[in-house]
**Student:** 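Take this structure first; my questions come after.
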Amino acid sequence: MTLIAFTAVATVTLLLCVMTGPDRDDLDEFYTASGSLSPVRNGLAIAGDYISAASVLGGIGVIALTGYDGVVLLLATALSLVLLMFLLAEPLRNAGRFTMGDALTRRLSGPSARPARIATAVATLTALMPLMLVQLAGAGDLLAFVLGFDSEGAKTGSMVLLGALMISYAAIGGMRGTALIQIVKTVILLASAAVVSVLVLRRFDGDFGALAAQAARGSGLGEAFLGTGPLFAGSAAPRIDMVVSQLTVVLGAACLPHVTMRVYTARNAPEVRRSMAWAVSAATVFALFALVIGFGAAALVGRQAVTAADPQGNTSILLTARALFGAEASGVGTLVFTSVATAVFLTLLASVGGMILACANSLAHDVFAPRRRLGPHAEMTTARLAALAVGVVTIALAATVQHRNLQPLVTLSFCLGASALAPALVYSLFWRRFTRTGLLCTLLGGSAGALALMTGTNLVSGSPNSAFPAHDFNWFPFTTPGIASIPLGFALGWLGTVVSSRAAQREQRRSYEAVEAEILAGPVRNGG
């Protein structure tokens, strides 16, 4: 039944992409769906891009294994959308047109903008590639798990099949097609999570306290499950590490390009605000459902069974749905499990499809189009070819690393967003004197700093659950390098601007003041 449901979903979503994809050489339609999405639909699409497989699988798994620490981290992701809504969404939409490169180079022109656009594309690929690898590898493993395949060849084949679907979504559907899939995914995911949450609470007569107590016993951690500490037990300073991890998630998730690209689909600033309000509401509701499901996994399944299926707990939501009805599931139990599995598959497909689209758009619009002076038809063709290239590379890399613990890659993506993209956006949108040198230092230096520091954390080596458990080159005493890389990214942007010539600073100030009203207040687009 799960195979039938998955096949039906894949067929229908691919058909929707074909039907809703751009049918003419209109860059606005391909990149922003011509601003045709209502605030409700746009908000659900933003939430769909934001609620990735890392949240659905990894987030619920962390809650099931560590309790309170996992809850706080998942709630930090919802807070990240609040930050995007109040601080960045409207100025970003007003400053840009299609990609983040448009917003970051708004004050630059001619040849001086090309290095900045290329650096933005590099930062985009660097930030999203780790997250795509995690989700694509997880998609292959999950499909094999649900269908009962054990061989490595079957897992790799499943991953290649799903990767091909993800490439098709991005290349064929463009912004409108991927938005429609994200909307369907968000609705199905919230509905499935709501059903599982209600059933979990029903097992405990609606008493969340009884659920929490049983979860603490089933987790094997006892009272520590309901307190701070288990997730960062291997850190030199657990409380500091937890705060830094939350800050990294809040800053990083808000600035990842596959999320920020959705703000360009709004016609004007009021619609951006309404869209973000819907997105925040959907993400918060999902976080509450995830809390109940994660506790339900610990209470009904138990730590041993959760880690036996997956050491990181990525199958917790499926195990919980199965445990609610026992080994001999009834027709209703099978239907619930199938619905949850379908929602998870759709989450994986839609999330990676959106990330591939963001990378392809940046390559086509920020790298190739300015250099070769491409027309609309050629630029759209380039974007589709870039989607194919990014997808193939992602599949190849995911097949190489799928047998390792990929949790460090999720942390790395958020850290790159917080250390490079966040300071670049804040400085570009709000600092008058910010120069091209400062932008390059922030994007490239912040990314390099996060990558270098990440290699020394205990997520990479030095612990049984690290990516390289047999080695120990752990020299950085924190789980997340954000405690050093985030200040480094902001400092490099400031330093690069300060060392620029006074003439360059004055020129940037004049350029910013010329567009300041548009960025902060925002003109209505033609036809908007």
Side-chain angles (χ1 to χ4, degrees), residues 48-59 61-62 73-74 76-77 79-81 83-84 100 120-139 166 244-262 283 312 314 347-348 350-360 362 390-391 393-394 397-398 401-402 404-425 442-444 446-455 457 459-460 466-467 478-486 488-489:
D49 262 319
Y50 191 79
I51 304 173
S52 65
S55 300
V56 177
L57 301 180
V62 171
L73 277 181
L74 192 61
T77 61
L79 181 60
S80 178
L81 266 185
L83 173 69
L84 178 62
M100 188 179 291
T120 304
V122 170
T124 295
L125 288 168
T126 306
L128 292 184
M129 185 61 72
L131 206 53
M132 287 193 290
L133 293 180
V134 173
Q135 298 189 99
L136 186 55
M166 297 166 188
V244 172
S245 296
Q246 293 171 23
L247 177 63
T248 301
V249 171
V250 169
L251 290 178
C255 299
L256 289 177
H258 71 293
V259 177
T260 59
M261 73 176 182
R262 294 287 174 190
Q312 283 72 51
N314 288 335
T347 298
L348 290 161
S351 297
V352 179
M355 293 177 192
I356 290 176
L357 181 64
C359 292
S362 185
V390 171
V393 171
T394 303
L397 291 175
V401 302
Q402 63 178 328
R404 297 191 178 276
N405 176 15
L406 301 182
Q407 185 60 34
L409 295 180
V410 178
T411 302
L412 178 60
S413 278
F414 289 141
C415 195
L416 287 166
S419 304
L421 298 175
L425 284 172
T442 294
L443 290 174
L444 301 180
S447 298
L451 289 168
L453 291 170
M454 190 68 197
T455 61
T457 64
L459 289 177
V460 177
S466 62
F478 295 97
T479 301
T480 305
I483 191 171
S485 62
I486 295 175
L488 176 65

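On a predicted model such as this, the values are computed, not experimentally measured, just so you know.
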**Student:** Can you give each donor-acceptor pair under 3.5 Å made by side-chain atoms of residues 250-260, sequence neighbours left out, with the distance rounded to 0.1 Å?
**Tutor:**
{"unit_1": "His258", "atom_1": "NE2", "unit_2": "Asp49", "atom_2": "O", "d": "3.3"}
{"unit_1": "Thr260", "atom_1": "OG1", "unit_2": "Pro257", "atom_2": "O", "d": "3.3"}

**Student:** Does the Ser413 side chain pair with the main chain of Leu131, one donor and one acceptor, at a distance under 3.5 Å?
**Tutor:** yes

**Student:** Which heavy atom of Cys415 sits nearest to which heavy atom of Pro481, and what is that distance?
**Tutor:** SG-CG, 3.6 Å

**Student:** Are Thr442 and Leu421 close enough that some pair of their side-chain heavy atoms sits under 4.5 Å apart?
**Tutor:** no

**Student:** Could you report the tightest heavy-atom contact between Leu128 and Ala358, atom names first, then the distance?
**Tutor:** CD1-CB, 3.9 Å

**Student:** If you look at every heavy atom in Val352 and Gln135, which pair is closest and at what distance?
**Tutor:** CG2-CB, 3.6 Å

**Student:** For Ala450 and Leu412, work out which heavy atoms get closest and say how close.
**Tutor:** O-CD1, 4.2 Å

**Student:** What I'd like to find out is whether the side chain of Met132 reaches to under 4.5 Å of the side chain of Val390, using heavy atoms alone.
**Tutor:** yes

**Student:** Roughly how far, to the nearest 0.5 Å, is CG of Leu247 from OG of Ser80?
**Tutor:** 10.5 Å

**Student:** Tell me the closest heavy-atom pair linking Pro408 and Met454, and the distance in Å.
**Tutor:** O-CE, 3.4 Å

**Student:** If you take all heavy atoms of Thr124 and Ser362, which pair is closest and at what distance?
**Tutor:** OG1-OG, 4.0 Å

**Student:** Which pairs pass side-chain hydrogen bond (donor to acceptor under 3.5 Å, both in side chains) with one or both residues in residues 244-256, sequence neighbours excluded?
**Tutor:** Ser245-Thr480

**Student:** Distance check, rounded to the nearest 0.5 Å: Ser485 atom OG versus Leu453 atom CG?
**Tutor:** 6.0 Å

**Student:** If you define the side chain from C-beta out and look only at heavy atoms, does anything of Leu416 sit under 4.5 Å from Leu451?
**Tutor:** yes

**Student:** Indicate yes or no: at least one non-hydrogen side-chain atom of Leu133 is less than 4.5 angstrom from one of Thr394.
**Tutor:** yes

